[in-house]
Chemist: 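Encoded as structure tokens, here's the structure I'll be asking about.
Numbering of residues begins at 1 and proceeds along the displayed sequence. Only a predicted model underlies this, so the values are computations on that prediction, with no experimental measurement involved.
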Amino acid sequence: MKAKIICIGGITQDIIFDSYTAKIINQKSKNSTDKYIAFEFGSKNSIAMTHKTFGGASLNSVVTFKSVGLEAIPWSIIGDDLTGREVLYYLKKKKIKRNFIKVARNKQTALSFIINLPSHSEHVLFVARQALNELNINKRQLVKIKCDWFYLTSLRGSFAKHNLEN
């Protein structure tokens with residue numbers, strides 16, 4: 001199999017909450033103003049809209065490259081949980097090849113919880129890396145792959161340095 005681009009990095013389940021009740025707090029420091037998103041302690045906040053989708057740098061890159069007509073394949077790792085099976089179904093439905101998707105036994109698929117503030121065009125992410133901490137690029141496998149480009153996204157976790165050296 002030959003692909004134009006192999007996108008190496010994360011695949012996550014993204015849960016996005018649109019909120020119009022968050023407060024923006026500006027805190028001035030010596031050289032800048034930092035902004036914070038805040039909710040009243042113990043408050044119950046209504047959510048305007050929720051979205052559940054799949055993302056992560058590897059998958060987002062593949063989708064972007066495919067949208068301009070380039071053949072791209074993700075290289076990532078998911079958990080052996082329900083979410084991981086949903087990711088595989090999503091990739092199949094979108095006609096994205098799954099050749100380089102590993103499944104980490106007894107791990108959960110990575111999750112991003114995103115508070116989106118549409119009225120401020122801003123957001124905050126909370127990321128549980130879970131199986132992504134096990135992303136390990138095998139050099140022997142890497143040299144056998146026929147592609148024009150490797151696109152490295154954000155690599156973190158226990159194998160990050162190893163993966164970059166390969």
Chemist: Hey, does Thr153 have a side-chain heavy atom less than 4.5 Å from the side chain of Ser61?
Modeler: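 Yes, close enough: below the 4.5 Å cut-off.
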Chemist: For a 4.5 angstrom cut-off between non-hydrogen side-chain atoms, does Lys52 reach Glu86?
Modeler: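 They are in contact (side-chain heavy atoms under 4.5 Å apart), so the answer is yes.
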Chemist: Let's go through Lys4 and Asp148 carefully: what are the C-alpha distance in whole Å and the side-chain angles of both, what is the deciding distance for salt bridge (Lys or Arg N to Asp or Glu O under 4.0 Å) to 0.1 Å, and is it a yes or a no?
Modeler: CA-CA 5 Å; Lys4 190 78 169 164; Asp148 293 339; 3.0 Å; yes
Chemist: For side-chain contact (heavy atoms from CB on, under 4.5 Å), just list the numbers for Thr21 and Phe39, CA-CA rounded to whole Å, side-chain angles, deciding distance to a tenth of an Å, and then say yes or no.
Modeler: CA-CA 8 Å; Thr21 60; Phe39 296 92; 3.9 Å; yes
Chemist: Going from CG on Asn116 to OG on Ser19, what distance comes out if it is rounded to the nearest 0.5 angstrom?
Modeler: 9.0 Å
Chemist: Kindly give the heavy-atom pair with the smallest separation between Pro74 and Lys97, and that separation in Å.
Modeler: CD-O, 3.5 Å
Chemist: Is there a chain of hydrophobic side chains (I, L, V, M, F, W, Y, each step under 4.5 Å between heavy atoms) that links Phe126 to Leu111?
Modeler: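 The answer is yes; both residues are in one hydrophobic cluster.
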Chemist: Counting only heavy atoms not in Lys102 (residues, nucleotides, ligands), do more than 12 fall under 6.0 Å from its NZ?
Modeler: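 It does: Lys102 NZ has more than 12 such atoms within range.
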Chemist: Start with the C-alpha distance between Asp81 and Thr109, add both sets of side-chain angles, then the distance that settles side-chain hydrogen bond (donor to acceptor under 3.5 Å, both in side chains), and finish with yes or no.
Modeler: CA-CA 7 Å; Asp81 57 356; Thr109 301; 2.7 Å; yes
Chemist: In Å and rounded to the nearest 0.5 Å, what is the CD to CD1 distance from Glu71 to Ile96?
Modeler: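 Glu71 CD to Ile96 CD1: 9.5 Å, rounded to 0.5 Å.
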Chemist: Any donor-acceptor pair under 3.5 Å linking the side chain of Thr64 with the backbone of Asn60?
Modeler: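 Yes.
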Chemist: Below 4.5 Å, heavy atoms only, C-beta onward: do Leu70 and Ile5 meet side chain to side chain?
Modeler: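 With C-beta onward as the side chain, the pair touches.
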Chemist: Ring-plane angle category for Phe54 and Tyr90, please: parallel below 30°, perpendicular beyond 60°, tilted otherwise.
Modeler: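 The rings of Phe54 and Tyr90 sit tilted, inter-plane angle from 30° to 60°.
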Chemist: For a side-chain contact (heavy atoms from CB on, under 4.5 Å) check, start with the C-alpha distance between Leu132 and Thr12, then their side-chain angles and the critical distance, and finish with the verdict.
Modeler: CA-CA 9 Å; Leu132 284 179; Thr12 62; 4.2 Å; yes
Chemist: Same cluster or not: are Tyr36 and Val124 linked, directly or through other Ile, Leu, Val, Met, Phe, Trp or Tyr residues, by side-chain heavy atoms under 4.5 angstrom apart?
Modeler: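 Different hydrophobic clusters.
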Chemist: Please report the interatomic distance CD1(Ile137) to CG(Leu135), rounded to the nearest 0.5 Å.
Modeler: 5.5 Å
Chemist: Please examine the side chains of His123 and Leu117, heavy atoms only from C-beta on, and report whether any two atoms are closer than 4.5 Å.
Modeler: no
Chemist: So, taking the atom named CD in Gln108 and the one named CG in Leu82, what distance separates them when rounded to the nearest 0.5 Å?
Modeler: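 So the gap between those two atoms works out to 11.0 Å.
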Chemist: With a 4.5 Å cut-off on side-chain heavy-atom distances among I, L, V, M, F, W and Y, is there a chain of contacts connecting Val103 to Ile73?
Modeler: no
Chemist: List the steps and the verdict of side-chain contact (heavy atoms from CB on, under 4.5 Å) for Ile8 and Phe100.
Modeler: CA-CA 9 Å; Ile8 302 172; Phe100 303 112; over 6 Å; no
Chemist: Do Ile24 and Ile37 make a side-chain contact, defined as non-hydrogen atoms from C-beta onward lying under 4.5 Å apart?
Modeler: yes
Chemist: In sequence, state the C-alpha distance, the side-chain angles, and the governing distance for Thr33 and Asn26, and then conclude on side-chain hydrogen bond (donor to acceptor under 3.5 Å, both in side chains).
Modeler: CA-CA 6 Å; Thr33 300; Asn26 295 311; over 6 Å; no
Chemist: Between atom CD1 of Ile78 and atom CD of Gln130, what is the distance when rounded to the nearest 0.5 Å?
Modeler: 13.5 Å
Chemist: Answer with yes or no whether the hydrophobic clustering places Ile77 together with Phe150; edges join I, L, V, M, F, W, Y residues whose side-chain heavy atoms lie under 4.5 Å apart.
Modeler: yes
Chemist: Would a 4.5 Å heavy-atom cut-off, applied to side chains only, mark Val127 and Arg129 as touching?
Modeler: yes
Chemist: Give the intermediate values and the outcome of side-chain contact (heavy atoms from CB on, under 4.5 Å) for residues Leu88 and Arg98.
Modeler: CA-CA 7 Å; Leu88 293 175; Arg98 303 173 305 269; 4.0 Å; yes
Chemist: Quick one: do Val63 and Ile11 end up in the same hydrophobic cluster if we chain Ile, Leu, Val, Met, Phe, Trp and Tyr together by side-chain heavy atoms under 4.5 Å apart?
Modeler: yes
Chemist: What's the separation between atom CZ in Phe113 and atom CZ in Phe17, rounded to the nearest 0.5 Å?
Modeler: 5.0 Å
Chemist: Is it the case that the side chain of Ser58 and the backbone of Cys7 share a donor-acceptor pair, with hydrogens and angles ignored and the cut-off at 3.5 Å?
Modeler: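 Between the backbone of Cys7 and the side chain of Ser58 there is a qualifying donor-acceptor contact (under 3.5 Å).
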Chemist: Provide the closest heavy-atom pair for Ser76 versus Gly9 in the form atom of the first, atom of the second, distance.
Modeler: OG-O, 2.6 Å
Chemist: So, Asp14 versus Thr53: side-chain donor-acceptor pair below 3.5 Å or not?
Modeler: no
Chemist: I'd like to know if the side chain of Asp80 reaches the main chain of Asn106, judged simply by a donor and an acceptor atom lying under 3.5 Å from each other, with no hydrogens or angles considered.
Modeler: yes
Chemist: Taking the side chain as everything from C-beta on, heavy atoms only, tell me whether Ile101 gets closer than 4.5 Å to Trp75.
Modeler: no
Chemist: Mark yes or no for whether Ser43, through its side chain, and Asn45, through its backbone, hold a donor-acceptor pair below 3.5 Å.
Modeler: no
Chemist: Within the structure provided, determine whether Ile15 and Ser112 are in side-chain contact (heavy-atom separation under 4.5 Å).
Modeler: no
